[in-house]
Number of protein chains: 2
Amino acid sequence: MDVDTRLLRYFVAVAEEGTLTRAAERLFVSQPALTKQIKQLETRLGVRLFTRSRTGMALTEPGRALAERVPGLLADWDQVLREAKSAAGRAARVLRVGFLASAANEATPRIITEFARRRPGWRADMRQATWSNPSAGLADGDVDVALLRMPFPGQDALRTAVLFTEPRWVALPTGHPLATCDLIAFDDLRDEPFVAAPPESGWWRDHWLAVDERDGHPVTIGAVTDQPDDWLSAIANGYGIAFAPASAARFYARPGVTYRPVSGISPSRVGVAWSPADDTDPVVQDFVRCCLDHGPRPGENSA
Amino acid sequence: MDVDTRLLRYFVAVAEEGTLTRAAERLFVSQPALTKQIKQLETRLGVRLFTRSRTGMALTEPGRALAERVPGLLADWDQVLREAKSAAGRAARVLRVGFLASAANEATPRIITEFARRRPGWRADMRQATWSNPSAGLADGDVDVALLRMPFPGQDALRTAVLFTEPRWVALPTGHPLATCDLIAFDDLRDEPFVAAPPESGWWRDHWLAVDERDGHPVTIGAVTDQPDDWLSAIANGYGIAFAPASAARFYARPGVTYRPVSGISPSRVGVAWSPADDTDPVVQDFVRCCLDHGPRPGENSA
DNA sequence: CCACATCCATGCCGTCAGGTTATAGGTGCA
DNA sequence: TGCACCTATAACCTGACGGCATGGATGTGG
C-alpha cells in the first residue's frame, strides 16, 4: 500500500490539531483539500481513522495506532535523507557549510581560505541561511557544519564551539534622536519598536530582542525580516530599530542606518556547530579547527 | 522532503536490478516512466543516485546509502499499516480470518460456528485467498489468523498448529486412461502435464507438484491457476492433472473431473496460523482453540 | 562492415489526482 | 434569529504520471 509522506504529514497534523480547519491552516492548504486527502487516506488504507463531528475530528482506535507510529516513521525518513545528502557531499569532496547572515562576517573568508589550504581537493559549499533557520540548516541535516550566533534553539543536540565574542550594538535609522549619542543605554531603547526575526526562530528571536534584559517589559515589534537586506531596509525606513553584532557596523553599512554601541546588554557569541555523528569525520573536524584557529583574530571584535 | 513510497519502491527495484529496463518490467511500468520517475526522485532529493551508462544504472555513493536504508523504511511502513488494520478489526470486534481455497473444507463451518458460540458479539470476517498467496494474507497482515495447507513459505516467522492430516489424491480429467484405476502409483503420473499454482507461491507450488518425490525428474506444467474454479476447468479441459487433498473429491466434485487415491506421495496437513504478536491476544487464541477442538473430526479425513 | 541488440533519454498526448474558491449543511450559542 | 464553528460537496484548473513511438549511444555477431 503506497502513500505519499505528505499524506502522512497531513494525517499527523489533523490528529494533533483535532480539526481539519486548524490543521489546514497549519499546513497552508485549504480545508477542502485536507478533507479530500484524509478521506482518500482512509479509503486507501481501508481503515476509518477519524470520527467526524461538529466539534472536530477525533481519532478512532486504528487512527490512534497509526498516529503513534507515523511520526517516528517520518523522522526515520528524514534521517535517511540526511544521511544520503551527507554521503553525496563526502563523495563529491564538498563540505556543506551553513552560515547565518551576519554570523562570522569578516572571519568567514579567512576560515574558508584556511580550509582550502588544509584540504586541497575539497570545496566548501557555502549556504547562507535566513534567520528563520538559526541553526543554519544543521538541524535539518542540510549542511555538515555551520557558522552561527549562539545560543540558538536545538544546540543541545549538536556540538558547538565558541569562536569569539563581540558586543551587541544597536542599528537605528540615521534620523533617530538617539543616533547622535556615542553610547546608548539599553533602558532608553526598551520602548522602541524593534525589527525582529520570524517567529519560527523561537527564542533565538527573543534573544535578539533582548527579552532577557527587559525584566518582563513587553517588546514592540515594528517589522519582521529574515535576511539582511530586508532588515536594513526596515530599519532605514523607520519601522524599528534592532540589535546587531558590532561587526555589522562595518559589514552591513548602509546609508540611512546608523550603528551605535549599547550598554546594559550582554555580548553576542559567534560559534561553529556540527552534528555529533561527525565527531570523528576528519573533514568536519578540520573545518572546526580552521574556525578555532582563524576565526578569532587578535584585537579584532573581541569583547 | 516528501516522497511517495511508490517512488521509493521504484528506486529499490532499479537499485536491485541494475537497469531501468529490467526494473520497469518487474514493476509493470514502461521504461520511460521509470526513467522519468527516477530522474524526478533525484531532483527532488537534490542528490544524484545513479550513474548512467550503456551497461545500466550503477548506484552512486549517496545512492548506496539510500539503498541500504530504504527497504527497512518500507518494511516499517508496511508493519505500521498492519498494526493499524489489526487495531481496526479489534475495535470493530471483527476477527479477520484468511483461508486458502481447499484448506479446511468441511471443517471450516464447524470452526466458525464454534467461534461464534464462544465469542458472542464478535464476527469472523472470512477472506478466501488465492493460491498465489499461500499464507492466506497472514504474511501481509491482511488477516489475524489463517486456515491453510502446510507447509507454506514464510511459516517460520509465524505460529502454526496442525489440525489434521489427509492423503493427497490426484484429480484427472474423467476421460484420462488412469481415471478408472482404484489406486494410482505416483510413478505413473510423473510425466503427465500438471496444473500448477502461480510462481509467486514459491516452493508451495513445488510441494503440490510433488517435486520432492520426483528425484530431480522435471515437471511438465500444463496450466497455471490460482483458484478452484479455474483449476477445475483446466483439469476438465485436459490441460493437466493435479494433486489435491482427499476432501476435494467431496468438496470440489465436478463433472469431467475424477479424483483417485495416489500411492507413493506424502499426505497433506491442514493448519491454523497466526502472528507471534497475537500470542497473547485472547480472541485469536480462542479462534485457534476452536480450530484445534473442532477442526479434526474423529474418523473424518484423518490419514 | 553492417545490421542488431541493449541500454537510457525525449517528445507528445490523454487521464486523473490534487489544489483552489464558493457554497451547502449541521449544530451550539448569544 | 443570526453568528460562529465545524465538515462536506461542486466546479474548475493545473500539473504530474503513465503510455507509445522514437532517438542516440555503444558494444556484438555474422
Side-chain angles (χ1 to χ4, degrees), chain A residues 1-64 66-67 70 74 77 81, chain B residues 1-64 66-67 70 74 77 81:
Chain A
M1 196 58 50
D2 286 316
V3 184
D4 195 318
T5 55
R6 183 175 37 82
L7 250 183
L8 296 181
R9 292 184 212 279
Y10 282 8
F11 166 72
V12 171
V14 176
E16 286 179 3
E17 294 289 343
T19 94
L20 282 175
T21 316
R22 272 206 308 277
E25 34 191 79
R26 169 169 143 189
L27 295 166
F28 303 105
V29 296
S30 69
Q31 168 263 314
L34 244 197
T35 299
K36 274 195 290 190
Q37 290 303 304
I38 294 295
K39 193 170 296 183
Q40 168 182 333
L41 182 64
E42 287 179 324
T43 61
R44 283 264 276 280
L45 307 191
V47 171
R48 193 157 190 75
L49 298 171
F50 296 96
T51 56
R52 278 86 165 155
S53 69
R54 53 209 140 293
T55 153
M57 310 275 284
L59 283 168
T60 61
E61 192 50 52
R64 218 174 341 264
L66 209 64
V70 166
L74 292 175
W77 164 241
L81 200 50
Chain B
M1 196 59 52
D2 287 316
V3 183
D4 195 318
T5 55
R6 183 177 37 81
L7 212 52
L8 296 182
R9 293 184 212 279
Y10 282 8
F11 165 70
V12 171
V14 176
E16 286 179 2
E17 295 289 344
T19 95
L20 281 176
T21 315
R22 273 206 308 275
E25 33 192 78
R26 168 170 144 189
L27 295 166
F28 302 105
V29 296
S30 69
Q31 168 263 315
L34 244 196
T35 299
K36 276 191 284 193
Q37 289 304 304
I38 294 295
K39 194 170 295 184
Q40 169 180 334
L41 182 64
E42 287 179 325
T43 61
R44 283 264 276 280
L45 306 190
V47 171
R48 192 155 193 78
L49 298 171
F50 297 96
T51 57
R52 278 86 165 154
S53 69
R54 51 210 140 292
T55 152
M57 311 274 285
L59 282 168
T60 60
E61 192 50 51
R64 219 175 340 264
L66 209 64
V70 164
L74 292 174
W77 164 241
L81 200 50

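Just so we're on the same page: letters track the sequence lines, and every chain starts at 1.
Counting any heavy atom pair closer than 4.0 Å across all strands shown, A/T55 reaches no nucleic acid atom. B/K39 comes within 4.0 angstrom of sugar-phosphate atoms only, judged by non-hydrogen atoms across all strands, and of no base. At the heavy-atom level, A/F50 lies nowhere under 4.0 Å from the strands shown. Nucleic acid contact for A/A33: base, since at least one base atom lies under 4.0 Å from a heavy atom of the residue.
Between B/Y10 and D/dC17 there is no side-chain N or O to OP1 or OP2 distance below 4.0 Å. Checking the phosphate oxygens (OP1, OP2) of C/dT6, no side-chain nitrogen or oxygen of B/T21 falls inside 4.0 Å. Contact annotation: A/Q37 side-chain N/O to C/dG19 OP1/OP2 distance is under 4.0 Å. Of the side-chain N and O atoms in B/Q40, one or more sit less than 4.0 angstrom from OP1 or OP2 of D/dC17. Note on B/R54: every side-chain N or O is 4.0 Å or more away from OP1 and OP2 of C/dT6. The side chain of A/R6 contributes no N or O atom lying less than 4.0 Å from OP1 or OP2 of C/dA17.
In this structure, the CG atom of A/L41 is 11 Å from the P atom of C/dG18, given to the nearest Å. We find that CE of B/M57 is positioned 19 Å from P of C/dT6, with the value rounded to whole Å. Between B/D2 atom CG and C/dA17 atom P the separation is 19 Å, expressed in whole Å. Between the P atom of D/dT22 and the CD atom of B/Q31 lies a distance of 15 Å, rounded to the nearest Å. Rounded to whole Å, atom P of C/dG19 lies 13 Å from atom CG of A/L20. Rounding to whole angstrom units, CD of residue A/E17 and P of D/dT7 are separated by 11 Å. Between A/I38 atom CD1 and D/dC6 atom P there is a gap of 16 Å when expressed in whole angstrom units. Atom P of nucleotide D/dC20 and atom CG of B/L34 are separated by 14 Å, given to the nearest angstrom.
Between A/R52 and A/E42 a salt bridge is recorded (basic side-chain N to carboxylate O distance below 4.0 Å).
The two residues A/A13 and A/R26 have their closest heavy-atom pair at CA-NH2, 3.9 Å. For the residue pair A/V3 and A/R44, the shortest heavy atom distance occurs at CA-NH2, 3.8 Å. The heavy-atom pair separating B/L45 from B/M1 by the smallest distance is CD2-CG, 4.0 Å.
Nucleotides of DNA chain D nearest to B/V29 and A/S53 differ in position, and the one nearer the 5' end is that of A/S53. Across the interface with DNA chain C, nearest-nucleotide mapping of B/P32 and B/R22 shows B/R22 to be the residue nearer the 5′ end. When each of B/T35 and A/F28 is assigned the nucleotide of DNA chain C bearing its nearest heavy atom, the one mapping closer to the 5' terminus is B/T35.
When distances run from any side-chain atom of A/R52 to the nucleotides D/dT7, C/dA9, C/dT20, the shortest one goes to D/dT7.
When atom types are taken as modelled, the side chain of B/T60 and the backbone of B/R48 share a donor-acceptor pair closer than 3.5 angstrom.
At a cut-off of 3.5 angstrom, counting only N and O atoms as typed in the model, there is a donor on one side and an acceptor on the other between the side-chain of B/K36 and the base of D/dG19.
A cation-pi arrangement is present between B/R6 and B/Y10 under the rule of less than 6.0 angstrom and at most 45 degrees off the ring axis.
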